[in-house]
Structures are given as structure tokens and as C-alpha cells.
Amino acid sequence: MEVNPSVPAKTVPEFIAYATANPGKVNFGSGGNGTPPHVAGELFKMMTGTNMVHVPYRGASPALTDLIAGYVQVMIDNVSASIEHIRAGKLRPLAVTTATRLKLLPDVPTVGDFVPGYEASGWQGIGAPANTPREIIDKLNEGINASLADPKINARIADLGATVLGGSPAEFGKLIADETEKWAKVVKFAGIKPE
């Protein structure tokens with residue numbers, strides 16, 4: 001969660017107070033309707049009761065450009081896209097949306113430190129067709145987890161602002177089910193419709 005440096009808020013509580021004092025006047029950009037940054041912003045609105053205006057762009061890059069220019073005040077974006085702008089002082093990070101702090105930004109708190117229960121993390125996984133034999137699934141899972149445990153791979157993933165999550169196929173299935181339920185509630189709250 002990052003803001004243009006012209007925004008007076010330097011912390012999440014200050015931002016909530018700023019957005020609350022300026023209902024409908026704080027614009028949050030995203031790469032488009034229904035994108036992960038959009039629904040993460042809607043989750044923030046839902047959990048804080050703030051009234052921000054969503055400004056959808058045709059991709060994250062134009063949204064980020066307008067955030068830097070000050071046309072929108074806040075954006076939730078992938079840290080890999082924003083880190084150089086943060087380092088250059090063109091953007092101010094208020095918090096990370098993950099459950100824990102990132103190694104890449106160790107001094108930046110989580111949104112959940114101020115908004116209990118808030119967490120919005122992108123994740124990626126590998127799937128296989130439903131009829132794939134169990135022994136093949138187990139072998140793939142073993143190899144993937146071994147790769148993710150490799151210190152070089154782990155360090156590279158951390159450099160990109162991500163966190164490694166290994167685990168079993170059952171744990172991955174539970175993650176998918178839990179995330180689907182969570183984000184369906186946010187989509188309903190925000191009234192997001194497919195375009």
C-alpha cells in the first residue's frame with residue numbers, strides 16, 4: 001500500500017483518518033476492475049469503512065504512472081513493480097498487505113498491524129489435471145518443495161518481494177478454497193461485475 005508523497009499520511013492510521021476526513025475525494029488506482037490490487041483496495045475499504053473512489057486503468061503501469069504524478073493518491077500494487085520508485089522517493093510505502101513483513105522492506109509494517117485481520121497476498125501455484133495419478137502428484141510436489149527450499153531460489157524470490165510457501169497438495173487445495181470464499185465476499189461488497 002503506497003501513496004504519492006504529497007499525501008499527508010505517513011502511516012496506515014493517518015491514511016485512514018485522512019480518507020475518513022475526505023470521503024469520496026481520495027482516489028485509489030488499480031490495473032483494472034476485478035484485478036487483485038482492485039479487490040485488495042476494496043477489502044481495505046470494507047474493513048476500514050473508508051469511502052475512496054476506485055480509478056481503474058488499463059493495466060498497472062498507467063496506474064502507477066498516475067500515482068507517481070499525483071492523479072491518484074493511493075495504490076495497492078506488487079512490490080516488485082514499485083520498489084525502485086519507493087527507493088527513489090517517488091512513492092511512500094505505508095504498509096505491506098501480506099500477513100508478515102517483507103524481507104525487501106523490513107521497516108514497513110503490515111496493514112494487519114493496524115487493521116486486524118487484513119491480508120491480501122498474491123500467490124502462484126502449480127496444478128495438474130484432476131485425473132493425474134497420485135504418485136505423479138506426490139513426485140511433482142516433492143520436487144517443487146525441494147526447489148523452493150533451495151537457498152538460491154529462496155533468496156531470488158525474496159529479492160522480488162515475495163515469500164515462499166511450500167506445502168502439500170491438500171494444503172494448496174485449502175488455500176484455493178479459503179481464498180475463493182474470502183474474495184467472493186469482497187467482490188459482492190464492492191459490487192464488482194465482469195466486463
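Remember, predicted model here, so these are calculated numbers, not experimental data.
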Colleague: Are Lys174 and Glu171 within salt-bridge range, i.e. N to O under 4.0 Å?
Modeller: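 No.
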Colleague: Regarding Glu119 and Lys182, does a basic nitrogen lie under 4.0 Å from an acidic carboxylate oxygen?
Modeller: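 Yes, Glu119 and Lys182 are salt-bridged.
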Colleague: If you link ILVMFWY side chains whenever their heavy atoms are less than 4.5 Å apart, which other residues fall into the same cluster as Ile176? By chain and number, please.
Modeller: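 Reading the cluster by chain and number, Ile176 sits alongside Trp123, Phe172, Leu175.
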Colleague: Could you tell me which residues satisfy ring-ring contact (aromatic ring centres under 6.0 Å, His included) with His54, sequence neighbours excluded, listed by chain and number?
Modeller: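 Here the qualifying residues are Phe28, His38.
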Colleague: Ignoring hydrogens and angles, tell me if any N or O in the side chain of Asn78 forms a donor-acceptor pair with the backbone of Ser80 under 3.5 Å.
Modeller: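 Looks like no, no N/O pair under 3.5 Å.
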Colleague: What residue among Asn27, Val72, Val74, Asn22 forms side-chain contact (heavy atoms from CB on, under 4.5 Å) with Met52?
Modeller: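 By the side-chain contact (heavy atoms from CB on, under 4.5 Å) criterion, Met52 pairs with just one of Asn27, Val72, Val74, Asn22: Val74.
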Colleague: Any salt bridge between Glu142 and Lys139, counting N to O under 4.0 Å?
Modeller: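 Between Lys139 and Glu142 there is no salt bridge, as every charged N stays at least 4.0 Å from the carboxylate O atoms.
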Colleague: Using the side chain to side chain donor-acceptor pair (under 3.5 Å) criterion, which residues pair with Thr50? Sequence neighbours excluded.
Modeller: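 Thr50 satisfies side chain to side chain donor-acceptor pair (under 3.5 Å) with Thr48 once adjacent residues are dropped.
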Colleague: Would you tabulate the side-chain donor-acceptor contacts of residues 144-154 under 3.5 Å, counting partners in other chains and residues two or more places apart, or write 'none'?
Modeller:
residue	atom	partner	partner atom	Å
Asn145	OD1	Gly167	N	2.9
Asn145	ND2	Asn141	O	3.2
Asn145	ND2	Asn141	OD1	3.2
Asn145	ND2	Gly167	O	2.9
Ser147	OG	Gly143	O	3.1
Asp150	OD1	Lys152	N	2.8
Asp150	OD1	Ile153	N	3.1
Asn154	ND2	Leu148	O	3.1

Colleague: Is it the case that the side chains of Asp66 and Tyr57 hold a donor-acceptor pair, with the cut-off being a distance below 3.5 Å and no angle test?
Modeller: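 Tyr57 vs Asp66: donor-acceptor pair found between side chains.
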Colleague: For residues 101-108, please give each side-chain donor-acceptor pair under 3.5 Å, one per line with the distance, not counting sequence neighbours.
Modeller:
residue	atom	partner	partner atom	Å
Arg101	NH1	Pro106	O	3.1

Colleague: Taking only residues two or more places apart in sequence or in another chain, which ones pass side chain to side chain donor-acceptor pair (under 3.5 Å) with Thr11?
Modeller: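 Thr11 satisfies side chain to side chain donor-acceptor pair (under 3.5 Å) with no other residue.
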Colleague: If I take atom CG from residue Leu67 and atom CD from residue Glu2, how far apart are they, to the nearest 0.5 angstrom?
Modeller: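 Atom-to-atom, Leu67:CG and Glu2:CD are 5.5 Å apart.
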Colleague: Kindly say whether Ser6 contributes a backbone atom to a donor-acceptor pair with the side chain of Arg92 at under 3.5 angstrom?
Modeller: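 Not a single qualifying donor-acceptor pair exists.
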